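What you see is a predicted model; the values in this text were computed from it and never measured.
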Amino acid sequence: MRILALVKRVPAPGARINITADEQHVDDKHLGHAVSPHEECATEAAVQLVEKHGGDVTVLTLGPPEAEEQLRYAASTGVNKIVLVPTDGTPYDPQRTAAALADAIGQMEAADGEFDLIIFGNESADSGGFQVGVRVAYALGRPMVNAIKGLEIEGAPEGHIIARREIDAGVEVYELPLPACVGVKEGINLPRYPTMKGRLASKKAELNSIETDSDAGSQKMVRLVSPPETVNETVILGTGPEAAGAVVDLLEELGVM
Amino acid sequence: MSILVIIEHDRGDVAPAMFEALTVARELEGDVEAVVIGEGAETAATQLGAYGAETVHHVTSDELGDYSPEAWGQAAVEAIKELDPEVVMTAGTDRGNELMAQIGARMDLPFVANCVELNDDASEMIRSQWGGALHEETTLDAEIKLVSVAPHAVEATTEEAAGDIEELEVEIDAGLNRTVIKDRVVMNEGITLSTAPVVISGGRAVGSAEGFAPLEELAGELGGKVGCSRAVTNNGWRPHSDQVGQTGTRIAPTIYIASGISGATQHWVGAMGSKNILAINTDPEANMVTKAGWAVIADLHVMIPAITEEVRKRKA
Ligand SMILES: Cc1cc2nc3c(=O)[nH]c(=O)nc-3n(C[C@H](O)[C@H](O)[C@H](O)COP(=O)(O)OP(=O)(O)OC[C@H]3O[C@@H](n4cnc5c(N)ncnc54)[C@H](O)[C@@H]3O)c2cc1C
């Protein structure tokens, strides 16, 4: 099995998301960065499938040079190959992101053969466009389902995948012929932490880089704004167990007792 | 101008977020028409006149059945080519966004997901980023504008319109049913995290899986559900299905009791639909405390059992 997982580097804000003075970016000067949670699970899903069925895992990100940090982290969790598709420094809109990714995947497949499975995150944690995976899959002519929380392969490598999507009343089951694409959601697995051995290996992992050509799409971000905040005076009901009475008064008042 | 609303439904059950999208569509400058596709489309079609759809196009083909993102996506594309709308809209749900992404890919058109506000012709909008913690102002320049409406952006209202059903037969490639739903597993959980009237969550400060037992007890007394933060699921103390937040569940209880949770933006966007919030935290400056309507500044390990005891006393 050859499996590819696509990930995105995002800032990890806490209590507030601050915006830069030019209103174009999240101010991440004082923030750490992480892989978007759904995509962290995409990487883990790829590693688990290869542990079970054999093969190798490639993790690719489109982003700034600093995204090397997220790729090295992936390499420390059992990934065989890491690839950076550098952007020109500006944020890419979804159409452009998808075009660049499809180009990069095409180049990799021309050199090393087709990927049996390509795993995306359902949506990126920051811009949340909900479309890049679908666009890439369409460009590659492969089946794609999003919002997947369960994934198995049957009869690899010529076989198919069983993909499960949770809805309110249960689970929808899809069966896609390989080669295929899926978008996964957090909760499909619990991503592993790097081992010491993994960390050492990741430092030596070769960082591959692929140049792509792509044009901006016709959705243009004007600026980022903070949504109006609900400001309220917090009523402090107490500072210890004696506050239990006031809490239960409140529960009674709200009719939930 | 005509606005075509692609209806997300499951075998005839229209997604509640769809009625919100129809409400938004009516506010644009133009006629609202709807498109229904696939198994149960006839049933879905009859519900749309009440929300302002003048015409409902029932798209049929031998190849259309239960939901398949590729087959339904191509069917929607055929309808768009036939009907030539200026704006195509749907709800920002899993299926809605997936369908619109399929349409965008197949027609090579941009798609703006999860709009919270749009101008008259959908050339300018505000959309949600970071699960709603951040807004983006965007312009969209395209012959056909594809947009989805963020769930809960508006309250759905009715407005009676003709709702005339018109048949539209299209031809699509049978091969696209490679992504059709093959099987379903029905689960009947009773109340879920997203529908529970009371949610009691614990965060990192709970300290262990066993530490959730007192929260379970209180939830049991109140007929509620236990939730948690991502710090908890990352530690493997609770399953991901209990996680409240951007990458977890969005809750809307009568009261949300958040204990030992700092209130990071990604947690907050999942909690902000709660009607009342009570924070239990040792830190009076914690974001969860300053954003909550009520707070107790105390150790959750003492406070939760004390509340349970008081509840039992009053019930007795
Ligand atoms: C892209 C992205 C998506 C994310 N999605 C989610 C999501 O869906 N849901 C989510 O929850 N998080 C999410 N997170 C993580 C989020 O940023 C926070 O890291 C997480 O919510 C913190 O969990 P916490 O509040 O339990 O822990 P902490 O932030 O460590 O807070 C612990 C709190 O407990 C209080 N405390 C300590 N001791 C006690 C005590 N004895 N009694 C009472 N209070 C005490 C402290 O004062 C503190 O406020 C996401 C992060 C990213 C980057």
Side-chain angles (χ1 to χ4, degrees), chain A residues 13-17 26 37-38 93-95 125-131 134-135 138 143-147 165 167 169-177 186-187 190 217-227 232 234-241 243-245 247-248 250-251 254 256-257, chain B residues 69-70 94 97-98 101-102 104-106 110-114 129-130 132-142 178-179 181-187 197-198 222 236 240-241 246-247 254-255 263-265 276 278 287 289-290 292-298 302-303 306-307 309-311 314:
Chain A
R16 260 197 76 76
I17 300 181
V26 168
H38 297 317
D93 63 77
Q95 276 177 296
D126 54 352
S127 49
F130 286 86
Q131 56 191 284
V134 173
R135 288 185 188 274
Y138 180 73
M144 161 87 188
V145 282
N146 223 0
R165 176 190 289 191
I167 56 168
V171 177
E172 298 170 350
V173 185
Y174 297 86
E175 188 184 306
L176 311 186
E186 187 180 57
L190 190 56
S218 49
Q219 170 194 342
K220 290 195 174 56
M221 186 183 91
V222 179
R223 63 185 192 121
L224 293 172
V225 286
S226 296
N232 55 353
T234 309
V235 179
I236 306 291
L237 297 175
T239 56
V247 170
V248 180
L250 173 65
L251 297 177
L254 296 174
V256 295
M257 282 282 287
Chain B
E70 292 185 295
D94 280 345
N97 281 331
E98 177 173 58
Q102 282 285 346
R106 286 164 195 277
F111 157 43
V112 184
N114 292 334
Q129 288 200 4
W130 285 98
L134 195 62
H135 282 174
E136 169 192 337
E137 291 179 9
T138 282
T139 60
L140 177 57
D141 175 19
R178 62 189 179 177
T179 51
I181 294 175
K182 266 277 150 71
D183 199 4
R184 291 164 186 272
V185 184
V186 180
M187 288 192 295
V198 178
L222 298 172
H240 184 269
S241 50
Q246 182 184 347
T247 52
T254 305
I255 182 158
T265 53
N276 298 279
L278 167 69
N287 199 45
V289 171
T290 58
W294 288 273
V296 176
I297 309 304
V302 176
M303 216 40 231
I307 298 170
E309 198 187 307
E310 181 67 20
V311 169
R314 296 209 197 171

Asker: Which one of B:R178, B:K182, B:E310 has the most heavy-atom pairs closer than 4.5 Å to chain A?
Answerer: B:R178

Asker: If you tally heavy-atom pairs under 4.5 Å against chain B, which of A:V235, A:I236, A:V256 wins?
Answerer: A:V235

Asker: Do you know which of A:M221, A:E186, A:R165 has the most heavy-atom pairs under 4.5 Å to chain B?
Answerer: A:E186

Asker: What part of B:L222 lies closer than 4.5 angstrom to a heavy atom of chain A: side chain, backbone, both or neither?
Answerer: both

Asker: Indicate the atoms forming the closest heavy-atom contact of B:T265 with B:A133, along with that distance.
Answerer: CB-CB, 4.1 Å

Asker: Which value, rounded to the nearest 0.5 Å, describes the distance between A:L190 atom CG and B:H240 atom NE2?
Answerer: 9.5 Å

Asker: Would you call A:V26 and A:D126 a side-chain contact if the rule is heavy atoms closer than 4.5 Å?
Answerer: no

Asker: So what's closer than 4.5 Å to chain A heavy atoms on B:D141: side chain, backbone, both or neither?
Answerer: both

Asker: Which one wins on heavy-atom pair count under 4.5 Å against chain A: B:A101, B:P110, B:A113?
Answerer: B:P110

Asker: Do you know which of A:A243, A:G129, A:G240, A:S218 has the most heavy-atom pairs with chain B at a distance under 4.5 angstrom?
Answerer: A:S218

Asker: Which answer fits B:D183, side chain, backbone, both or neither, if we ask what part of it has an atom under 4.5 Å from a heavy atom of chain A?
Answerer: both

Asker: Does B:A292 offer a backbone N or O that forms a donor-acceptor pair with the side chain of A:T234 under 3.5 Å?
Answerer: yes

Asker: Between A:R135 (side chain) and B:G104 (backbone), is there a donor-acceptor pair under 3.5 Å?
Answerer: yes

Asker: Which bit of A:V225 is near chain B, if near means a heavy-atom gap under 4.5 Å: side chain, backbone, both or neither?
Answerer: both

Asker: For the atom pair CD (B:E70) and CD (B:E98), what is the distance rounded to the nearest 0.5 Å?
Answerer: 9.0 Å

Asker: Is any side-chain heavy atom of A:Q219 less than 4.5 Å from a side-chain heavy atom of A:Q95?
Answerer: no

Asker: Where does A:R16 contact chain B at under 4.5 Å (heavy atoms): side chain, backbone, both or neither?
Answerer: backbone

Asker: Which bit of A:E175 is near chain B, if near means a heavy-atom gap under 4.5 Å: side chain, backbone, both or neither?
Answerer: both

Asker: Counting heavy-atom pairs closer than 4.5 Å to chain A, which one of B:V198, B:V112, B:V302 comes out on top?
Answerer: B:V112

Asker: I'd like to check B:W130 versus A:P13 (side-chain heavy atoms, cut-off strictly below 4.5 Å). Are they in contact?
Answerer: yes

Asker: In this structure, are over 12 heavy atoms from other groups packed under 6.0 Å from B:E137 atom CD?
Answerer: yes

Asker: Who among A:A147, A:G245, A:P177, A:P94 has the most heavy-atom pairs with chain B under 4.5 Å?
Answerer: A:G245

Asker: Among A:G14, A:S226, A:G128, A:G217, which has the most heavy-atom pairs under 4.5 Å with chain B?
Answerer: A:G14

Asker: Sort out for me which of A:A244, A:P227, A:G238 touches chain B most, counting heavy-atom pairs under 4.5 Å.
Answerer: A:P227

Asker: Report yes if some heavy atom in the side chain of A:H38 is under 4.5 Å from a heavy atom in the side chain of B:T247; otherwise report no.
Answerer: yes

Asker: Shortest non-hydrogen contact from B:F111 to A:F130?
Answerer: CE2-O, 4.0 Å

Asker: What part of A:I17 is in contact with chain B, defined as an atom under 4.5 angstrom from a non-hydrogen atom: side chain, backbone, both or neither?
Answerer: both

Asker: Counting C-beta onward and ignoring hydrogens, is there a side-chain heavy-atom pair between A:L250 and B:I255 closer than 4.5 Å?
Answerer: yes

Asker: Find the one option among B:H135, B:Q102, B:R184 whose heavy-atom pairs under 4.5 Å with chain A are most numerous.
Answerer: B:H135

Asker: Among B:R106, B:R314, B:Q246, single out the residue with the greatest number of heavy-atom pairs under 4.5 Å to chain A.
Answerer: B:R314

Asker: Who among B:D94, B:I307, B:I181 has the most heavy-atom pairs with chain A under 4.5 Å?
Answerer: B:I181

